[in-house]
2 protein chains.
Amino acid sequence: MGTIYDLAKITGFSITTVSKALNNYSDVSEKTKAKIVQAAADMGYLPNAHAQSLSTKRSWTIGVMFSEANEVGMMHPFFNAIIESFRKATEQQGYDLIFVSRNLRNRDMSYLEHFQHRAVDGIVVICSDQMDKHVQELIQSSIPIVVVDMDSTDCSVVFSDNLSGGTLAVNHLYELGHRLIAHIAGDMTIDAGLARIEGYKQAMDRLALPIPDGYLINGGFFSVEEGKQAMQTLLALPKRPTAVFVAGDQMAIGAMEAIHEAGLQVPHDISVVGYDDIDMSKYVTPKLTTVRQDTERIGQHAAELLIEQIVNKRRVMTTDIIPVDLIVRQSTGPVKP
Amino acid sequence: MGTIYDLAKITGFSITTVSKALNNYSDVSEKTKAKIVQAAADMGYLPNAHAQSLSTKRSWTIGVMFSEANEVGMMHPFFNAIIESFRKATEQQGYDLIFVSRNLRNRDMSYLEHFQHRAVDGIVVICSDQMDKHVQELIQSSIPIVVVDMDSTDCSVVFSDNLSGGTLAVNHLYELGHRLIAHIAGDMTIDAGLARIEGYKQAMDRLALPIPDGYLINGGFFSVEEGKQAMQTLLALPKRPTAVFVAGDQMAIGAMEAIHEAGLQVPHDISVVGYDDIDMSKYVTPKLTTVRQDTERIGQHAAELLIEQIVNKRRVMTTDIIPVDLIVRQSTGPVKP
DNA sequence: AAATTTATCGAAAGCGCTTTCGGTGAAATG
DNA sequence: CATTTCACCGAAAGCGCTTTCGATAAATTT
């Protein structure tokens with residue numbers, strides 16, 4: 001593949017000139033630039049990224065820290081959608097994503113340490129666990145960073161308008177005539193979960209609807225299984241809700257399963273609205289009514305925010321809230337008379 | 001964060017000794033090693049990966065090329081599951097994954113070029129498109145490589161036993177009494193799709209079942225939408241099948257939707273068995289009977305294969321086939337009398 | 001006591017690249 | 001024609017690390 005030294009030897013110029021020619025410096029004539037570029041093409045020359053990084057202190061890599069909360073790794077559909085759009089946006093600017101692990105050849109180091117070791121230009125964390133020690137460490141560091149789906153005043157964050165999302169869901173159910181509306185919530189340690197709870201409460205309050213005991217139930221960490229269990233608890237209530245707003249699609253799918261297993265029908269007996277609009281939502285039966293998060297926009301905006309910090313070399317600490325939409329499908333319907 | 005030069009200054013040893021101490025060379029006394037290690041810990045020293053790579057010609061990174069065929073990017077659940085298990089296995093050995101894009105700061109280069117530029121130690125390609133020019137280029141290169149879910153005699157490959165998978169599905173349906181068994185196939189340009197077709201054909205042949213015209217239908221590239229369309233075509237057939245083996249879960253979900261929309265019931269009117277056992281399969285209604293691919297094992301095995309090539313510095317060209325299982329759920333049932 | 005080993009350390013080169021700072025000769029200016 | 005400017009190029013230092021090859025002093029061996 002060759003180095004600039006080979007190129008210098010072949011063309012007869014110095015490595016300085018070769019480097020300059022390849023990097024479009026102005027102080028090299030068009031003629032010699034052409035020769036060098038040609039020679040580079042001929043030998044299939046490619047600059048060594050490590051050498052470049054070493055010398056420029058710019059690696060053109062972005063480290064991504066992924067949630068490993070509920071062990072889903074890279075299989076979380078919502079996070080995945082965000083990462084995907086983030087990737088598209090960053091790659092357009094020439095960055096590569098690097099997924100680091102915590103153990104560097106047997107030593108095991110923190111994520112921050114690992115990112116420092118790899119000398120990433122920036123970090124994106126997509127992790128819902130506010131309290132995670134590693135996340136905090138990353139935020140406190142001086143590496144450009146953007147955090148998704150989590151709140152923080154110490155760095156750039158971007159997340160959905162969960163408050164409105166909750167309200168949207170409740171209002172929709174209200175308009176369908178429902179008055180007994182329960183909420184299967186995400187764990188309170190998770191910002192998104194908390195905000196949706198708040199949205200739910202505010203909406204109920206505004207509609208002058210009481211929240212009966214047991215109607216606000218913790219669904220844990222957004223898994224299908226936990227959603228199912230929460231719904232079972234709800235079904236066992238003396239006064240069963242006619243509708244339930246679930247803080248995540250996967251949980252909602254679990255909830256629907258519980259309902260079906262109890263011999264009831266969605267939406268005939270109970271309406272359910274989810275949150276996220278993951279890919280599968282439109283394919284489950286019945287198709288899930290849900291609050292769509294704009295993963296495309298979240299990922300892209302996060303990318304912009306991060307890159308801006310990288311190129312301008314200054315930290316920005318904005319919190320950007322991305323609007324959500326209610327997608328009405330078939331899991332919600334009018335309340336039974 | 002500091003460099004070995006700082007460490008040398010602080011401890012009073014040469015950078016050579018510092019480096020050796022940090023890398024456990026035998027020709028440095030325990031005492032000085034202790035001092036140096038302690039100093040390193042104190043200042044939070046971390047070696048610069050780029051400098052190390054430059055000097056050792058080993059980057060401890062693995063490049064991953066992901067399918068971009070049907071634009072799903074990182075959102076393909078099956079590929080994702082594999083990557084996840086691959087990641088776990090490689091990270092344990094100290095490797096980081098880097099997802100490269102094709103355009104390096106405005107120039108746009110091939111994947112191979114990009115990988116060379118990043119000086120990855122190895123490559124994993126998870127892409128079903130056999131003919132992809134970039135994939136071929138990667139395979140022909142001298143970088144250690146492993147390919148997943150695709151056949152090739154020119155490199156290490158690992159994929160599921162798609163032949164048996166097809167047979168498994170057909171036999172299951174046969175045992176339920178079905179004789180009119182159709183197959184919604186993956187595109188023939190995709191190895192996995194082709195093998196499943198072959199499995200289907202062989203099984204049908206062995207059971208002395210004819211394959212009526214139109215019973216073998218191309219479902220394209222495994223999307224829900226395409227599966228749905230294929231099923232609609234199948235439903236319009238004069239002699240409608242009583243069971244259908246679908247080459248992918250997402251297509252199967254689409255197929256079920258088509259069936260339901262036609263006013264028919266799964267499995268009462270038509271049985272369907274999918275392929276992959278993606279996460280959602282057990283949550284759709286009815287829960288999908290499917291051929292499970294062992295993503296865990298595929299990813300891990302691919303990792304082993306790749307790392308072995310990296311450390312032994314020699315190419316191995318094995319093709320390893322991972323067994324599949326039939327997971328019987330509720331989308332298949334006895335044929336109507 | 002002389003000759004060898006052994007243990008411990010460091011100088012220096014090298015990995016491939018960027019960037020500063022001068023140094024040419026040619027063109028432009030007076 | 002003397003002087004300034006300009007266009008073009010290269011020497012050299014530096015990025016942070018590894019690794020070879022000696023060098024030295026201490027420990028062993030004869």
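In the text below, chain A, chain B and the rest are named by the order of the sequence lines, each starting its count at 1. Source: prediction; values computed, not measured.
The separation between Arg58(A) atom CZ and dG14(D) atom C1' is 20 Å, rounded to whole Å. Separating the CG atom of Leu54(B) from the C1' atom of dT19(D) is a distance of 14 Å, rounded to the nearest angstrom. Atom CG of Leu22(B) is separated from atom C1' of dG16(D) by 12 Å (rounded to the nearest Å). One interatomic measurement links the two molecules: NE2 of His50(B) to C1' of dC15(D), which rounds to 11 Å at whole-angstrom precision. Distance CG (Leu46(B)) to C1' (dG16(D)): 13 Å, rounded to an integer number of Å. What separates CG of Asn48(B) from P of dG16(D) is a distance of 7 Å, to the nearest Å. Nucleotide dG16(D) holds its P atom 14 Å from the CD atom of Gln116(A), rounded to whole Å. For the pair Ile36(B) CD1 and dT8(C) P, the computed distance is 13 Å after rounding to whole Å.
Among the atoms of the strands shown, none is found under 4.0 Å from any heavy atom of Ser53(A). Contact annotation for Ser29(B): backbone-only contact, meaning every heavy-atom pair under 4.0 Å involves sugar-phosphate atoms and none involves a base.
Distances shorter than 4.0 Å separate some side-chain N or O of Asn23(A) from OP1 or OP2 on dT18(C). The side chain of Gln52(A) contributes no N or O atom lying less than 4.0 Å from OP1 or OP2 of dG16(C). Close to dG16(D), at under 4.0 Å from its OP1 or OP2, lies a side-chain N or O of Lys57(A). Note on Thr32(A): a side-chain N or O is less than 4.0 Å away from OP1 or OP2 of dC9(D).
Inspection of the Thr189(A) and Asp187(A) side chains reveals an N or O donor paired with an N or O acceptor under 3.5 Å. For the residue pair Ser19(A)/Thr16(A), the side-chain donor-acceptor check at 3.5 Å is not satisfied. A donor and an acceptor atom, one from each side chain of Asn48(B) and His117(A), are nowhere located under 3.5 Å apart. Remark: the Ser110(A) side chain and the Glu137(A) side chain contain an N/O donor-acceptor pair separated by less than 3.5 Å. With no hydrogens or angles considered, a side-chain donor-acceptor pair links Ser160(B) and Gln293(B) at under 3.5 Å. Of the N and O atoms on the side chains of Glu84(A) and Asn80(A), not one donor lies less than 3.5 Å from an acceptor on the other residue.
Among the nucleotides dC17(C), dC17(D), dC15(D), the one closest to any side-chain atom of Thr3(A) is dC17(C). Of the candidates dC9(C), dG16(C), dT18(C), the closest approach to any side-chain atom of Val28(B) belongs to dC9(C).
Not a single donor-acceptor contact under 3.5 angstrom links the side-chain atoms of Tyr5(A) to the base of dC15(C). Side-chain N/O atoms of Asp27(A) and base N/O atoms of dC9(D) include a donor-acceptor pair closer than 3.5 Å. For Lys20(B) against dG10(C), a side-chain N or O and a base N or O form a donor-acceptor pair under 3.5 Å. Tyr25(A) contributes no side-chain N or O that forms a donor-acceptor pair with the base of dC9(D) under 3.5 Å.
Remark on DNA chain C: of its neighbouring residues Lys33(B) and Ser19(A), the 5'-side contact belongs to Lys33(B), judged by nearest-heavy-atom nucleotide.
Relative ring orientation between His50(B) and His50(A) is described as tilted, the plane-to-plane angle lying within the 30° to 60° band.
By the 4.5 Å heavy-atom criterion applied to side chains, Ile143(A) and Gln116(A) are counted as neighbours.
Near DNA chain C, meaning a heavy atom under 4.0 Å away, the residues from residues 9-18 of chain A are Ile15(A), Thr16(A).
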